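Input: a single structure, listed below in structure tokens.
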Amino acid sequence: MPELPEVETVRRGLEPVLVGRRLTRVEARRPDLRFPLPDRFAARLEGARVEALLRRAKYLVANLDTGETLIAHLGMSGRFTIRTPMQSMAPGAFYYADDPDPTHTHIVFTTDAGDRIEYNDPRRFGFMDIAATADLAGHKSFRTLGPEPLGPEFDAAALAAAVSGSRQPVKAALLDQSVVAGLGNIYVCEALHLAGISPMRRAGRVSARRLGVLVETIRVVLEAAIAAGGSSLKDFADAQGALGYFQHRFRVYDREGAPCQREGCGGVVARRVQAGRSTFYCPICQT
DNA sequence: CCCACGACCTGTGGGC
DNA sequence: TGCCCACAGGTCGTGG
């Protein structure tokens with residue numbers, strides 16, 4: 001899944017081909033992704049101009065000139081691919097590169113510039129919805145979201161308040177989108193390692209000072225990943241189809257048995273399951 | 001209210 | 001080579 005850095009990378013890739021453009025055709029090849037598509041999905045989008053393409057947590061948000069907004073979540077395996085028309089041998093004609101996986105391409109948008117934007121999602125954990133732009137904050141998906149980790153409202157005091165008294169492991173608390181919005185399994189593992197905090201420690205019992213360190217390591221990890229164009233795991237590619245490079249910089253994620261990269265630590269990366277998901281950490285330097 | 005867990009869906013990689 | 005199980009970046013609903 002795309003976590004915040006991957007969604008931001010996708011947003012930056014789509015922005016130049018979507019913003020200011022009108023959607024001339026929207027093709028939904030099935031009636032649902034994870035959830036049913038909203039009523040008259042294609043009809044409400046066709047003819048609309050995209051005024052802005054934003055990101056909130058792991059959601060892409062396309063404001064339209066119709067007063068409505070398209071909301072998209074990539075789930076675990078969703079990806080957008082841009083296909084720009086290419087000149088064919090015949091004068092005036094053009095064509096698109098072949099879709100390598102048409103069986104999982106569920107939605108195709110075409111713009112007035114002729115670009116085709118394909119949404120492909122094998123597992124179909126992603127979803128799309130359309131809501132009145134004025135009511136977005138009240139949308140089911142947004143109502144309970146906590147602060148953006150890269151925004152001004154996320155600081156040590158805010159994090160301390162959000163986890164105050166919490167008995168759940170700090171790993172689980174950081175995955176809770178109402179505590180901070182946009183982290184996922186990879187970057188939580190990475191940020192906790194960088195901060196030297198054990199993923200198993202109860203969230204409400206991490207000291208204020210260490211929560212301050214954690215806020216900083218979350219920012220550092222996310223910003224580095226965005227700068228690298230996101231991670232490249234099995235399914236992730238940015239909107240142009242390029243692979244991200246951040247995977248090469250994982251300190252602990254998917255590195256069970258590898259030496260801890262903290263200077264002088266000497267530990268070995270361990271894996272254990274928390275809340276049904278793999279946690280990677282160093283048992284020596286994360287306390 | 002808080003927290004843990006299973007469900008959703010498909011593909012892939014590792015072990016035997 | 002082939003089969004089967006475990007596991008994969010997320011979120012939501014349920015039930016204790």
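Lettering follows sequence order; numbering is per chain, from 1. None of the values given here were measured: they were computed from a predicted structure.
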message = Can you measure A/Met76 atom CE to C/dC7 atom P for me and round it to whole angstrom units?
response = 13 Å
inquiry  = Check A/Asp121 with A/Arg123, please: is the shortest side-chain N to carboxylate O separation under 4.0 Å?
reply    = no
remark   = Minimal heavy-atom distance between A/Leu159 and A/Leu211, with the atoms involved, is CD2-CD2, 3.9 Å
inquiry  = With a 4.0 Å cutoff (strictly under), does any side-chain N or O of A/Lys140 reach OP1 or OP2 of C/dG13?
reply    = yes
query = Is the shortest side-chain N/O distance from A/Ser278 to OP1 or OP2 of C/dA8 below 4.0 Å?
reply = yes
inquiry  = Need one value for A/Arg202: base, sugar-phosphate or nothing, where a base atom within 4.0 Å counts as base even if backbone is also close, heavy atoms only.
reply    = nothing
request  = Check every strand shown and say whether A/Arg124 touches a base, only sugar-phosphate, or nothing at a heavy-atom separation below 4.0 Å.
outcome  = sugar-phosphate
key: salt bridge (Lys or Arg N to Asp or Glu O under 4.0 Å) between A/Arg79 and A/Glu118, worked out   = CA-CA 8 Å; A/Arg79 63 203 287 178; A/Glu118 298 171 348; over 6 Å; no
message = On the nucleotide B/dG11, are OP1 or OP2 found under 4.0 Å from the side-chain N or O atoms that A/His104 carries?
response = yes
query = B/dA4, C/dC12, C/dA8: which one has an atom nearest the side-chain heavy atoms of A/Gln168?
reply = B/dA4
request  = Compare the ring of A/Phe125 with the six-membered ring in the base of C/dT11 and state whether they stack (centres under 5.5 Å, planes under 30°).
outcome  = no
query = Do A/Arg123 side-chain and C/dA8 base share a donor-acceptor contact under 3.5 Å?
reply = yes
key: Residue-phosphate contact under 4.0 Å: A/Arg271 side-chain N/O, C/dC7 OP1/OP2   = yes
task = Measure up the A/Tyr119 and A/Phe80 rings against each other and bin them: parallel (under 30°), tilted (30 to 60°), perpendicular (over 60°).
result = tilted
Distance, rounded to the nearest Å, where A/Arg272 contributes CZ and C/dA6 contributes P = 20 Å
ask   = Mind checking the P distance from C/dC4 to B/dC9? Whole angstroms is fine.
value = 22 Å
task = Would you kindly give the CG-to-P distance between A/Asp176 and B/dC1, to the nearest whole Å?
result = 14 Å
ask   = Within this structure, what is the CD-to-C1' distance between A/Glu6 and C/dA8, rounded to whole angstrom?
value = 14 Å
key: Nearest-angstrom distance from the residue atom CZ of A/Arg56 to P of C/dT11   = 12 Å
ask   = Rounded to the nearest Å, what distance is computed from the CZ atom of residue A/Arg34 to the C1' atom of nucleotide B/dT10?
value = 15 Å
query = So which nucleotide does B/dG14 pair with, by the Watson-Crick or G-U wobble rule with both distances under 3.5 Å?
reply = C/dC4
message = What is the distance, to the nearest angstrom, from the CG atom on A/Leu175 to the P atom on B/dA4?
response = 12 Å
ask   = A/Phe280 and A/Arg255: which non-hydrogen atoms are nearest, and at how many Å?
value = CD2-N, 4.0 Å
task = State whether A/Ser166 places a side-chain N or O below 4.0 Å from either non-bridging phosphate oxygen (OP1 or OP2) of B/dC3.
result = yes
Crowding at CZ, A/Arg30 (>12 non-hydrogen neighbours, <6.0 Å) = yes
query = At under 4.0 Å, does any side-chain N or O of A/Arg277 touch on OP1 or OP2 of C/dG10?
reply = yes
request  = Please state how far atom CG in A/Leu174 lies from atom P in B/dC3, giving the value in whole angstrom units.
outcome  = 13 Å
C/dT11 phosphate, OP1 or OP2, under 4.0 Å from A/Gln177 side-chain N/O = yes
